[in-house]
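In what follows, a single structure is set out as structure tokens and then discussed.
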There are 2 protein chains.
Amino acid sequence: MNESKELAEVAGAESLGFRPLYRQVRDRLIRRLVDGVWAPGEPLPSEIQLAAELGVSQGTVRKALDAMAAENLVVRRQGRGTFVARHDEERIMFQFFKLVGDDGRRTFPQSRVLGLSVAKANAAERATLKLAKDTRVIRIRRLRSIDGAPVIVENIALPEPMFPGLAAMELPNNLYGLYAMRFGVTVASTREQLKAVSVCETDAKALSTEAGAPALKIDRLALSLERQPVEWRVSVCLTDKLHYLSELR
Amino acid sequence: MNESKELAEVAGAESLGFRPLYRQVRDRLIRRLVDGVWAPGEPLPSEIQLAAELGVSQGTVRKALDAMAAENLVVRRQGRGTFVARHDEERIMFQFFKLVGDDGRRTFPQSRVLGLSVAKANAAERATLKLAKDTRVIRIRRLRSIDGAPVIVENIALPEPMFPGLAAMELPNNLYGLYAMRFGVTVASTREQLKAVSVCETDAKALSTEAGAPALKIDRLALSLERQPVEWRVSVCLTDKLHYLSELR
DNA sequence: AAGTGGTCTAGACCACTTC
DNA sequence: AAGTGGTCTAGACCACTTC
């Protein structure tokens with residue numbers, strides 16, 4: 001039995017072209033993730049349970065879950081179940097952190113907060129984070145080091161309303177984990193723009209190098225499950241012993 | 001009927017762990033692509049035909065073809081058929097060429113050959129391209145420009161035995177298309193390592209800029225369908241009006 | 001109208017994990 | 001032994017393209 005018409009009505013998509021059942025199931029399950037029905041690391045109900053509950057076949061649920069696994073939203077483990085993806089350091093490291101030592105080793109850098117402030121968003125922040133006028137942002141400046149050697153200075157801007165109280169918290173190394181755990185905000189994808197630049201005076205001091213040295217500037221916008229801007233981060237990286245790894249197929 | 005045992009024997013994989021049927025079908029179809037049974041742009045037989053020929057269900061063929069489509073090896077078009085992926089400029093541009101104008105426009109740069117030579121591979125080339133001692137390489141140096149402005153100098157190394165006669169050919173803008181059409185070599189994936197560097201004297205002259213200017217160095221290794229090294233390319237890019245775009249999820 | 005890939009179902013069995 | 005996801009089949013029907 002094909003219930004796509006009913007589900008389409010439930011999801012509120014009338015005749016916007018053809019939208020297959022498994023897509024609707026996927027969208028409904030993502031909505032539940034957004035709503036925090038299951039916390040990161042928790043198992044979802046089994047395929048059979050979800051199929052019965054949603055009134056579709058197990059195969060359709062499987063196709064929806066496979067699509068979500070391909071998007072790194074859930075993790076599937078044969079014999080165990082399907083789990084909400086977690087933002088632990090290991091995942092961040094392989095999914096979003098592309099800097100690798102020239103010897104091939106990946107090391108997650110330690111962080112030290114250099115400065116933190118809250119203020120009205122400036123024009124660039126409003127445009128990048130798609131903020132309404134007068135929205136406040138939290139600005140964080142951090143120095144990141146590997147084996148004690150400073151390699152990255154980063155300037156982070158966050159929409160204050162999305163992260164109430166964050167400015168007063170102790171900040172961990174892995175901010176994405178904090179966003180997920182404390183604010184229910186999941187970073188699902190990022191867009192990074194890379195350029196080569198000369199290090200400016202200020203950054204040079206923080207990095208213990210000379211002004212004018214070449215550095216890799218990474219301008220990153222992080223998006224939530226709902227594709228809303230969550231964080232804008234501009235990093236300046238010394239790439240003497242590191243490189244940015246990009247694998248394409 | 002499940003014929004996985006038979007196919008496993010055909011493929012010569014005995015008890016190397018479990019290897020599902022659709023995987024074996026995928027591997028056999030990739031072998032045919034490597035052998036040039038179907039040329040780029042040509043349609044494969046329909047799912048039903050392949051299923052009958054290989055003695056598996058249509059669903060299993062579908063799963064194999066879907067996996068190949070996810071790897072960009074074939075293109076599937078509803079109502080028309082499944083086609084061998086082509087290395088046309090448009091595909092290269094979106095799949096392997098990550099430099100985008102700061103205005104968001106993608107422009108495939110024009111190329112001019114600055115130099116070409118054939119010689120025994122040096123140690124670095126042997127190591128990177130996994131070549132036997134005394135193997136010869138073709139070295140190409142090109143200048144690439146957008147709207148007439150030079151933005152990239154690239155140094156390319158190719159294993160001579162894989163591309164016999166290439167050194168004497170007229171070289172098009174899009175080398176990957178040439179490799180596929182004239183030598184049956186498909187670039188299926190690349191690994192890029194990015195660093196920020198200072199432009200050296202020689203490159204500065206070619207790029208009409210000053211030595212010491214910051215530039216993005218892209219060290220790219222291209223692999224074939226069989227994951228053999230095909231091309232080593234080191235590009236030095238001026239990123240004043242361009243950036244390298246990396247989208248992660 | 002005929003042919004293609006895309007979706008959906010139902011059911012059998014397998015690989016793997018947990019108890 | 002029981003439960004999970006993974007594979008495979010067979011068959012119906014749909015969306016889309018071509019003739």
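In what follows, chains are A, B, ... by sequence order, proteins preceding strands, each numbered from 1.
- No salt bridge links A:R31 with A:D27; every basic N to acidic carboxylate O contact stays at or beyond 4.0 Å.
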**Prompt:** How would DNA chain C look in dot-bracket form, 5' to 3', counting Watson-Crick and G-U wobble pairs with both distances under 3.5 Å and writing | for bases paired to another strand?
**Reply:** ||||||||||||||||||.
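- Classification of the B:H87-B:F96 ring pair by plane angle, with boundaries at 30° and 60°, yields perpendicular.
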Atom pairs under 3.5 Å: protein N/O with N/O of nucleotides 15-17 of chain D:
residue	atom	partner	partner atom	Å
D:dA15	N3	B:Q78	NE2	3.1

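- Note that NZ of B:K195 and OH of A:Y244 are 15.0 Å apart. Values are rounded to the nearest 0.5 Å.
- For D:dT9, the OP1/OP2 oxygens have a side-chain nitrogen or oxygen of B:T60 closer than 4.0 Å.
- A cation-pi contact links B:R144 to B:F108, judged by a cut-off of 6.0 Å to the six-membered ring centre and 45° from its axis.
- Crowding of B:E89 atom CD: a count of heavy atoms from other residues, nucleotides or ligands under 6.0 Å exceeding 12.
- For B:Q49, counting side-chain heavy atoms from C-beta on, the closest listed nucleotide (D:dG5, C:dT4, C:dT9) is C:dT4.
- Applying the 3.5 Å distance criterion, the base of C:dG6 shares a donor-acceptor pair with the side chain of B:R62.
- In this structure the side chain of A:L29 reaches within 4.5 angstrom of the side chain of A:V25, judged on heavy atoms.
- Here C:dC8 is the nucleotide among C:dC8, D:dT7, C:dG5 with the atom lying nearest to any side-chain atom of A:S57.
- Atom-to-atom, CG of B:L54 to P of D:dT9 comes out at 11 Å; the value is rounded to the nearest Å.
- Distances were taken from every side-chain heavy atom of A:D66 (C-beta onward) to each of D:dG6, D:dT9, C:dG5; the shortest belongs to D:dG6.
- Contact annotation: A:K63 side-chain N/O to C:dT7 OP1/OP2 distance is under 4.0 Å.
- Counting only heavy atoms from C-beta on, A:L21 has its side chain closest to C:dC8 among C:dC8, C:dG5, D:dT9.
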**Asked** Could you go step by step and tell me if A:T190 and A:Q95 meet the side-chain contact (heavy atoms from CB on, under 4.5 Å) rule?
**Response** CA-CA 10 Å; A:T190 63; A:Q95 189 179 349; over 6 Å; no
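- Within the 4.5 Å cutoff, the side chain of B:R76 has heavy atoms near those of the B:L65 side chain.
- Aromatic ring pairs are classed by plane angle as parallel below 30°, tilted from 30° to 60° and perpendicular above 60°; the pair B:Y179 and B:F163 is tilted.
- As judged by a 4.0 angstrom heavy-atom cut-off over every strand, B:R77 is placed among residues touching the sugar-phosphate backbone only.
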